[in-house]
Amino acid sequence: MAKSPSTMRRLYNCGFHMGQINVGNMGGRQNTAMLKKAVSVSEKDIEDFLYLAEKGVTITAQMVPTDEAVDFTALLKSRSFQS
């Protein structure tokens, strides 16, 4: 639906209150750290995701339907980045 969490935040602030977001394929970019396979986030991404979580949006990470959905907010809060 959107390429970045900042877009999701803007949508939320404009009145589109989504109940859940699934994060997938946010490949490595400049100034990002890998949080999960195929998901790299910047400090701004983290800020936007945590903002949405505080508003009650459930955030998961699941690349394909056969993968287990992971609580993405818990990953962000633990900051357990992969190298």
Side-chain angles (χ1 to χ4, degrees):
M1 182 170 168
K3 282 192 135 195
S4 73
S6 63
T7 300
M8 297 303 290
R9 183 176 180 162
R10 283 195 307 274
L11 285 169
Y12 186 91
N13 288 335
C14 287
F16 183 77
H17 295 171
M18 66 288 298
Q20 181 174 353
I21 296 171
N22 181 62
V23 178
N25 197 19
M26 289 180 60
R29 300 160 299 177
Q30 189 173 9
N31 298 319
T32 62
M34 185 181 288
L35 184 60
K36 182 178 176 358
K37 184 178 179 182
V39 178
S40 295
V41 292
S42 68
E43 286 298 320
K44 174 71 170 120
D45 294 335
I46 293 168
E47 177 185 314
D48 291 333
F49 281 128
L50 292 177
Y51 173 86
L52 292 166
E54 288 171 8
K55 297 294 184 183
V57 179
T58 301
I59 306 173
T60 59
Q62 182 179 19
M63 297 301 124
V64 295
T66 55
D67 288 349
E68 180 181 348
V70 175
D71 180 348
F72 194 70
T73 304
L75 283 176
L76 290 171
K77 289 180 178 179
S78 74
R79 299 288 209 285
S80 59
F81 294 99
Q82 300 174 2
S83 51

Any idea how F72 and F49 line up, ring-wise: parallel (<30°), tilted (30 to 60°), or perpendicular (>60°)? perpendicular
Side-chain donor/acceptor of E43 to backbone N/O of I46, under 3.5 Å: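 Checked: no pair found.
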Rounded to the nearest 0.5 Å, how far does NZ of K36 lie from CE of M26? 13.5 Å
Atom CG in L50, atom CG in D45: separation rounded to 0.5 Å?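 Reported to 0.5 Å precision, the distance equals 10.5 Å.
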Heavy atoms of other groups near K55 NZ, more than 12 under 6.0 Å: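 It does not: K55 NZ has 12 such atoms or fewer within range.
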Taking side chain as C-beta onward, heavy atoms only, is M8 less than 4.5 Å from M18?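 The answer is yes, as the side chains (C-beta and beyond) meet within the 4.5 Å cut-off.
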Sole candidate of V23, L35, I59 that passes side-chain contact (heavy atoms from CB on, under 4.5 Å) when paired with L76: L35
Under the salt bridge (Lys or Arg N to Asp or Glu O under 4.0 Å) rule, what pairs show up with a residue in [range], not counting sequence neighbours?
range: residues 11-27; answer: none
range: residues 56-76; answer: none
range: residues 1-14; answer: R9-E47, R9-D48

Heavy-atom pair of closest approach, residues S40 and T32: CB-OG1, 3.5 Å
